[in-house]
Structures are given as C-alpha cells and as structure tokens.
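When a ligand or atom number is given, it counts from 1 through the structure's own listing order.
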Amino acid sequence: MTPEQIKLVQDSFKSVAPIADAAADIFYDRLFEVAPQLRPMFPQDMREQKKKLMQMIGTAVNSLHQVETIVGAVQDLGRRHVGYGVKNEHYDIVGGALLYTLGKGLGDAFTPDVEKAWAETYGLLASVMKDAAAKAA
Ligand code: HEM
C-alpha cells in the first residue's frame, strides 16, 4: 500500500468511528443478507462481536504504517478463525460486506480511490489470516 492509500484509509475510518455501532449493524445485516448460511457460526447475541470487530479494524487501520507490529496478532486471529469454522472462501464475502458498509457510512466520501485503498487493507489482513490458517492445518 502507498502512504497515500494508508492516509485515505485512516482518514475515512475517522469518519466511520463515531458511527461505529450503526456501521457494525449495517455490516452484519448485509453479511447475513448475502450469506445467511454464515449466521449460525456467530453467537445469538451479537453485541460483543460488533465491538470486537470494530476494535480490531481500528487497531489494524492505525497500524498500517507499521504493519510488522500487528502481523503476529493477525496471524493468531487467523488461526482462531479456523476454530470458528471459517473457510478461505468466506473472506471475500466478508470483504464485500465491509466495502458495502463503508460505502453506506461514507456516502460521497467513498470515492473509487478510497474503495481501492480499503480493498487493499482488507486483502492484506485476509491474506495474513488465511496464510496462518493454512499453515496451522
Ligand atoms: C480481516 C478479516 C477479519 C477480522 C479482522 C475479524 C475479526 C474478528 C475478531 C476480532 C473476532 C473476535 C474473536 C477473536 O479475536 O478471536 C472475530 C470472531 C469471529 N469471526 Fe471474524 N474477522 C475477520 C474475518 C472473518 C470471516 C471471513 C468470517 C467468516 C464468516 C469471520 C467469522 C467470525 C466468527 C464466526 C467469529 C466468532 C464469533 C463467536 O463465536 O463469538 N470472521 N473476528
């Protein structure tokens, strides 16, 4: 990722952070609409899950300029996801729901450049998680 892309992601996340609860609602509503088969993998009560997801994205976004500091934590996260039943093919579905959510949350500020920068950010996290999961198997 370029420094410009990192700035686009960090600045746009600042606009989403104040509406984190609403964004998490949009995200999971969208995810379970496009992929209802994933719903049983998650707990009935999603409140904790929503908080954890936004926190993890926040941590990752704030660390993009020093990715090496979070790689170990993201690898651990990927290995834990094997235990949740998550498969490689689920990552694109979740990534799609994330980009959809950002589009809704940011409105006109979700320019093609912002979208591309977020797609790269998610792709980076997902590939580290999938690699770690594959090596653990
Ligand atoms: C970059 C991608 C992702 C991030 C940052 C992320 C983040 C998280 C975090 C922080 C947790 C809390 C538990 C923990 O830390 O182990 C979690 C749990 C979970 N995630 Fe993800 N996740 C990602 C991708 C996915 C994908 C692709 C799926 C597929 C459906 C998924 C399904 C789940 C499930 C089922 C749980 C456990 C729920 C529970 O039993 O409490 N995640 N995720």
Side-chain angles (χ1 to χ4, degrees):
M1 290 179 76
T2 66
E4 291 76 21
Q5 283 183 313
I6 291 175
K7 188 166 163 34
L8 284 180
V9 167
Q10 290 179 337
D11 288 351
S12 59
F13 189 71
K14 280 190 200 127
S15 324
V16 180
I19 55 154
D21 289 349
D25 287 345
I26 296 172
F27 171 79
Y28 283 107
D29 285 352
R30 176 69 177 180
L31 183 63
F32 299 144
E33 186 189 321
V34 297
Q37 73 276 17
L38 299 183
R39 182 65 186 92
M41 292 166 66
F42 290 87
Q44 203 55 41
D45 183 343
M46 291 291 292
R47 274 172 295 185
E48 276 304 307
Q49 182 66 28
K50 286 178 178 175
K51 263 188 246 153
K52 284 184 203 160
L53 177 82
M54 295 310 286
Q55 269 167 12
M56 183 66 206
I57 293 178
T59 304
V61 162
N62 290 324
S63 312
L64 283 177
H65 53 280
Q66 38 180 9
V67 163
E68 62 288 353
T69 62
I70 54 157
V71 168
V74 178
Q75 287 170 331
D76 287 343
L77 187 65
R79 284 187 283 265
R80 287 199 297 277
H81 276 66
V82 177
Y84 305 146
V86 175
K87 306 267 183 266
N88 274 358
E89 62 265 27
H90 297 148
Y91 280 90
D92 280 355
I93 304 174
V94 166
L98 178 67
L99 293 178
Y100 173 90
T101 304
L102 290 162
K104 288 278 170 197
L106 294 171
D108 288 346
F110 193 59
T111 62
D113 282 349
V114 172
E115 177 169 3
K116 186 156 181 283
W118 270 101
E120 295 218 7
T121 301
Y122 179 80
L124 192 72
L125 292 175
S127 65
V128 172
M129 289 174 72
K130 284 187 280 191
D131 277 356
K135 291 198 181 101

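For the pair V67/M1, no side-chain contact is recorded, criterion being any heavy-atom separation below 4.5 Å from C-beta on. Within the 4.5 Å cutoff, the side chain of F32 has heavy atoms near those of the M46 side chain. Counting heavy atoms from C-beta outward, R30 and V34 have side chains that approach closer than 4.5 Å. Looking only at side-chain heavy atoms (C-beta outward), I26 and Y100 come within less than 4.5 Å of each other.
For ligand 1, the atoms closer than 4.0 angstrom to any heavy atom of H90 are 27 (C), 29 (C). Distances below 4.0 Å separate heavy atoms of Y122 from the following atoms of ligand 1: 1 (C), 2 (C). Heavy-atom contacts of L125 reach the following atoms of ligand 1: 1 (C) (cutoff under 4.0 Å). Atom numbering of ligand 1 starts at 1 in the shown order; those under 4.0 Å from a heavy atom of M129 are 1 (C), 2 (C), 3 (C), 23 (C). Close approach to M41 involves these atoms of ligand 1, each under 4.0 Å from a residue heavy atom: 30 (C), 35 (C).
The shortest contact between atom 34 (C) of ligand 1 and any protein heavy atom is with F42 CE2, 3.5 Å. Distance from atom 15 (O) of ligand 1 to its nearest protein heavy atom, with residue and atom name: R80 NH2, 2.9 Å. If you check which protein heavy atom lies closest to atom 41 (O) of ligand 1, you get Q49 OE1, 3.5 Å. The nearest protein atom to atom 39 (C) of ligand 1, hydrogens excluded, is given as P43 CD, 3.5 Å; this is a heavy-atom distance.
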(request) Assess whether side chain to side chain contact (heavy atoms under 4.5 Å, CB included) is satisfied between K135 and Q75, documenting all intermediate values. (result) CA-CA 10 Å; K135 291 198 181 101; Q75 287 170 331; over 6 Å; no
Hey, can you pull the donor-acceptor pairs under 3.5 Å for the side chains in residues 79-89, sequence neighbours left out?
from	atom 1	to	atom 2	distance (Å)
R79	NH2	D76	OD1	2.8
H81	ND1	L77	O	2.7

Could you list the donor-acceptor pairs under 3.5 angstrom formed by side chains in residues 109-124, with sequence neighbours left out?
from	atom 1	to	atom 2	distance (Å)
T111	OG1	V114	N	3.2
W118	NE1	S12	OG	2.8
T121	OG1	A117	O	2.9
Y122	OH	Y91	O	2.7

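A salt bridge is defined here as a Lys NZ or Arg NE, NH1 or NH2 lying under 4.0 Å from an Asp or Glu carboxylate O, and K50 with D21 fails to meet this definition.
With a heavy-atom cut-off of 4.0 Å, E48 does not touch ligand 1 at all.
Annotation for K130: atom NZ counts as buried by contact number, over 12 foreign heavy atoms lying within 6.0 Å.
Protein N/O/S atoms closer than 2.8 Å to atom 21 (Fe) of ligand 1, listed by chain and residue number, are H81 NE2.
Note that CE of M54 and CZ of F27 are 9.5 Å apart. Values are rounded to the nearest 0.5 Å.
Here's the thing with K52: none of its N/O atoms is less than 3.5 angstrom from an N/O atom of ligand 1.
Applying the salt bridge (Lys or Arg N to Asp or Glu O under 4.0 Å) rule to E48 yields the partners K51; only residues at least two apart in sequence or on another chain are considered.
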